[in-house]
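For reference, the structure discussed in these notes is given below.
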Amino acid sequence: CLCVCVFSVSFFFFHPVAPGLYAALIVGIVRFVEETDFITPLSKLNIVIPTYNRTDYVLRNMGLLSGTGVEVHVLDGSTEAIKSDKLDRFAPNIHYHHLPISFWQRLAKAADYVDTEYVVLLGDDDFFILSALAACIIQLDNKQELVACYGVGINKCLTSDLIVSCSTISGNQTNYV
C-alpha cells in the first residue's frame, strides 16, 4: 500500500479566549465536512493514529473523523484502555485498538488492520483537512508516477496576536506536485 502524507493543522493555545476560538474552528470543520462529498476518494484511505496516555487529544480526533467515510484505526499503547462509554458515541468507521506494546510494535500491528489502497499516519494532536486528503488521493490515482503526496503543516499559536507559520517544500524534488 502507498503512504499519503497530507495537509495537517496543529494548534497550540495560550490565550484565555482560545477555547472559544477552538470550538468555533471545530464547528466550522464539521459543517464543511457535512456539506462536502469526500466519500469516494476517502473510501480508499485508512488513517492510523498512534497514541499513548493522551486520551483527550485522541478522543477529539476520533470525534472529528467519526462518520466521515474514512476508516480510522487508533492504536493506543496506554496502560489503561479508554472506557467504552467514551467510545460508544463514534460512528462505525472509528476503530479503537488498545495495544499496550511499544510504538514500533503498534505500527507493525497496523498492517493487520489497514485494508485500503492508501494509508496515512496522523499524530493524536494534529488534524487533517479532509479536502486535502481527497485531493492527494485523486492526484495519486491520476498520476501513476507519484508514490506519495505531502502537504504543508500549519501551526497556529495564540498569544496576544495570532501567529501563523507554514513549512515549505522545495520545488526541486522529482515528481513534485
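Positions are given from 1, in the same order as the sequence printed here.
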Exercise. Could you pull out the closest heavy-atom pair between L75 and A110, with the gap in Å?
Key: CD1-CB, 3.7 Å
Quiz item: Given Y113 and N46, is the side-chain hydrogen bond (donor to acceptor under 3.5 Å, both in side chains) satisfied, shown in steps?
Solution: CA-CA 9 Å; Y113 304 125; N46 279 179; over 6 Å; no
Quiz item: Is the backbone N or O of D126 less than 3.5 Å from a side-chain atom of N61, with the two atoms forming a donor-acceptor pair by type?
Solution: yes
Practice problem: Run the numbers on N53 and S78 for side-chain hydrogen bond (donor to acceptor under 3.5 Å, both in side chains), then give the verdict. | Solution: CA-CA 5 Å; N53 288 339; S78 305; 3.3 Å; yes
Exercise. Give a yes or no on whether D56 atom CG has more than 12 heavy-atom contacts from other residues, nucleotides or ligands under 6.0 Å away.
Key: no
Quiz item: Do V58 and D76 touch side chain to side chain, with heavy atoms closer than 4.5 Å?
Solution: no
Quiz item: Just how far is it from atom CD1 of I49 to atom CG of D124, taken to the nearest 0.5 Å?
Solution: 8.0 Å
Quiz item: Taking the side chain as C-beta and beyond, is there a heavy-atom pair between E71 and I47 under 4.5 Å?
Solution: no
Self-check item: CD1-CG distance between I82 and L59, expressed to the nearest 0.5 angstrom
Solution: 4.5 Å
Self-check item: Heavy-atom pair with the smallest gap, counting every atom of V70 and L45
Solution: CG2-O, 3.3 Å
Quiz item: Do the side chain of N142 and the main chain of I138 share a donor and acceptor less than 3.5 angstrom apart?
Solution: yes
Practice problem: Please name the pair of heavy atoms, one in R106 and one in I101, separated by the smallest distance, quoted to 0.1 Å. | Solution: NE-O, 3.2 Å
Quiz item: Where do H97 and K109 land on the side chain to side chain contact (heavy atoms under 4.5 Å, CB included) test, with the steps shown first?
Solution: CA-CA 10 Å; H97 310 280; K109 190 73 175 156; over 6 Å; no
Quiz item: How close do E80 and H98 get, heavy atom to heavy atom, and via which atoms?
Solution: C-NE2, 3.7 Å
Quiz item: Under a 4.5 Å side-chain heavy-atom rule over Ile, Leu, Val, Met, Phe, Trp and Tyr, are Y52 and L87 clustered together?
Solution: no
Exercise. May I have the step-by-step check of side chain to side chain contact (heavy atoms under 4.5 Å, CB included) for V72 and F90, ending in yes or no?
Key: CA-CA 11 Å; V72 178; F90 301 121; over 6 Å; no
Quiz item: Measuring from M62:CE to T51:OG1, what's the distance to the nearest 0.5 Å?
Solution: 9.5 Å
Exercise. State the CG-CD distance between L146 and Q144, to the nearest 0.5 angstrom.
Key: 9.0 Å
Practice problem: Quick one: closest heavy-atom pair of D141 and E117, and the distance? | Solution: OD1-OE2, 4.0 Å
Quiz prompt | Over all atoms of both residues, closest heavy-atom pair of I137 and Y118 | solution = CG2-CE1, 3.8 Å
Quiz item: CG of L42 to SG of C136: how many Å apart, nearest 0.5 Å?
Solution: 10.5 Å
Quiz item: Is the backbone N or O of L65 less than 3.5 Å from a side-chain atom of N93, with the two atoms forming a donor-acceptor pair by type?
Solution: yes
Quiz item: If you count the non-hydrogen atoms of other residues, nucleotides and ligands that lie under 6.0 Å from OH in Y57, is the total more than 12?
Solution: no
Practice problem: Verify side chain to side chain contact (heavy atoms under 4.5 Å, CB included) between R54 and D125, making sure each step is shown before the conclusion. | Solution: CA-CA 9 Å; R54 291 166 53 107; D125 62 348; 3.0 Å; yes
Practice problem: For the pair V48 and V120, evaluate side chain to side chain contact (heavy atoms under 4.5 Å, CB included) and give the outcome as yes or no after the intermediate values. | Solution: CA-CA 6 Å; V48 174; V120 64; over 6 Å; no
